[in-house]
Amino acid sequence: RCLSDWSSDVCSSDLYSSASANWGSLSTAPSTCFWNARLRIAGDPPANMPGRWTAKVTYNGQTLSTLAFNIGSTRPTILPGGVTSASGFGGMATIAAGTWIEIMGSNLAATTRSWTADDFDGQNAPTSLDGVSVTVNMRQAFLSYISPVQVNALVPSNIGTGPMQIVVTNANGASDPYTITANAVQPGLLAPPAFLVGGRQYVAAILPGDTLQFALPAGLIPGVASRPARPGEILVIYAIGFGAVTPANIPAGTIVSSANRLAMPLEMTFGTAPASVAWAGLAQGAVGEYQINVMVPDVPDSDAVPITFTLNGVPGSATVYTAVQR
């Protein structure tokens with residue numbers, strides 16, 4: 001028996017037992033034809049290892065036919081480059097404790113669904129959905145969404161920094177470990193792909209008021225209520241990966257229910273004008289999501305005002321845009 005992988009053939013000198021077949025009754029006519037029959041290949045261990053296999057049919061020591069076939073793996077598989085921070089918040093290739101990540105691959109889950117209230121254990125988010133679980137540095141992550149090709153997970157607290165191994169496990173086994181780097185923080189503002197217009201990535205900044213409106217040029221995105229922000233208005237921006245808060249008693253994976261603030265200093269700029277951050281911290285009623293309340297400074301009217309920030313003196317990795325008009 002032989003098993004081929006991507007780099008080599010692994011063969012054993014021991015052949016599987018002869019296959020058995022039910023050929024049916026043979027004709028007594030001068031010529032006899034064999035017809036298709038189902039063969040059962042025996043063996044210990046059975047031929048169930050993923051890879052390329054070959055079955056041979058011989059008669060009186062002569063090979064009659066050779067059949068090559070593949071056995072696919074049903075274990076979960078994480079794609080190369082398949083783990084990033086949440087795509088709507090920048091989709092960065094490094095992670096941090098307490099941040100949302102997306103895992104892309106195959107056979108990750110047998111079902112497709114998001115978490116529901118029934119999946120929570122009190123204030124604690126689920127660590128398993130339909131038998132699917134994820135570990136980061138051998139610590140259980142929290143799951144909000146599963147599907148055969150994507151799992152969304154919240155990285156647990158206290159994983160440290162440096163190389164981390166991510167493993168997806170389901171009823172068919174565990175994936176090979178996926179190695180990724182974890183930083184102390186990996187901040188990203190909510191700027192979904194739908195807000196990428198004309199080559200500019202707009203941030204999903206929510207305007208004050210009773211109806212949901214975003215600080216964008218009016219009518220920029222069909223179906224999205226928007227208008228430019230005005231200097232002096234307070235915008236609400238959601239984010240991930242901004243690190244510790246104070247008081248430091250809110251572990252990752254719990255619904256935030258207490259007042260808190262970012263532990264590290266945050267500075268934001270609209271264009272070249274510093275903006276006043278009224279408050280920033282973990283959003284109450286959410287899991288793993290930060291909220292930043294920032295006042296629009298007095299800047300010139302523009303449909304594309306760049307927003308940048310520094311966290312603890314370190315610049316953010318991306319520039320996003322908003323619209324401002326007096």
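Note that the structure is a prediction, hence the values are computed from the model and not measured. Starting from 1, each residue takes its place in the sequence as its number. Any value given below was found using the heavy atoms of this structure, including those in side chains, with hydrogens, waters and symmetry copies removed.
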Enquirer: When you check the side-chain N and O atoms of T111 and D130, is any donor under 3.5 Å from an acceptor?
Expert: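 Checked: T111/D130 side chains pair up, N/O donor to acceptor below 3.5 Å.
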
Enquirer: Just verifying a value: how many Å separate T254 OG1 and D121 CG, rounded to the nearest 0.5 Å?
Expert: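 Those atoms lie 12.0 Å apart.
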
Enquirer: Any side-chain hydrogen bond (donor to acceptor under 3.5 Å, both in side chains) pairs touching residues 188-203, not counting sequence neighbours?
Expert: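 Output for this query is empty, none listed.
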
Enquirer: Distance check, rounded to the nearest 0.5 Å: I307 atom CD1 versus I237 atom CD1?
Expert: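 Separation between the atoms: 4.5 Å.
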
Enquirer: Hey, mind stepping through F120 and W115 against ring-ring contact (aromatic ring centres under 6.0 Å, His included) and telling me if it holds?
Expert: CA-CA 8 Å; F120 280 71; W115 65 15; 4.8 Å; yes

Enquirer: Does any pair with a residue in residues 87-100 pass side-chain hydrogen bond (donor to acceptor under 3.5 Å, both in side chains), and if so which ones, sequence neighbours excluded?
Expert: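 Matches after skipping sequence neighbours: S87-E102, T94-N183, T94-Q186.
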
Enquirer: What heavy-atom pair brings A229 and L235 nearest, and what distance separates the two atoms?
Expert: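 The pair with the smallest heavy-atom distance is CB-CD2, 4.0 Å.
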
Enquirer: Quick one: CE on M264 to CG on L311, what's the gap to the nearest 0.5 Å?
Expert: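 M264 atom CE to L311 atom CG measures 4.5 Å (nearest 0.5 Å).
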
Enquirer: Calculate, to the nearest 0.5 Å, the distance between atoms CG and OH belonging to L262 and Y290 respectively.
Expert: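 Separation between the atoms: 7.0 Å.
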
Enquirer: Tell me whether the centres of the aromatic rings in F242 and F89 are closer together than 6.0 Å.
Expert: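 No, ring centres 6.0 Å or more apart.
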
Enquirer: Report whether V256 and L154 are members of the same hydrophobic cluster (ILVMFWY, side-chain heavy atoms less than 4.5 Å apart, transitive linking).
Expert: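 No, it is not one cluster - the side chains of V256 and L154 are not joined through contacts under 4.5 Å.
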
Enquirer: Do the charged groups of E233 and R326 touch, with an N to O distance under 4.0 Å?
Expert: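 No, E233 and R326 are not salt-bridged.
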
Enquirer: Give the minimum heavy-atom separation between L216 and A323, together with the two atoms involved.
Expert: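 Heavy-atom minimum between the residues: C-CB, 3.6 Å.
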
Enquirer: Do the side chains of N170 and L108 get nearer than 4.5 Å, heavy atoms only?
Expert: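 When only atoms from C-beta onward are counted, N170 and L108 do not touch, as no gap falls below 4.5 Å.
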
Enquirer: Return the set of residues passing salt bridge (Lys or Arg N to Asp or Glu O under 4.0 Å) with D119 (not counting sequence neighbours), or none when no residue passes.
Expert: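 With neighbours one apart ignored, the set is R113.
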
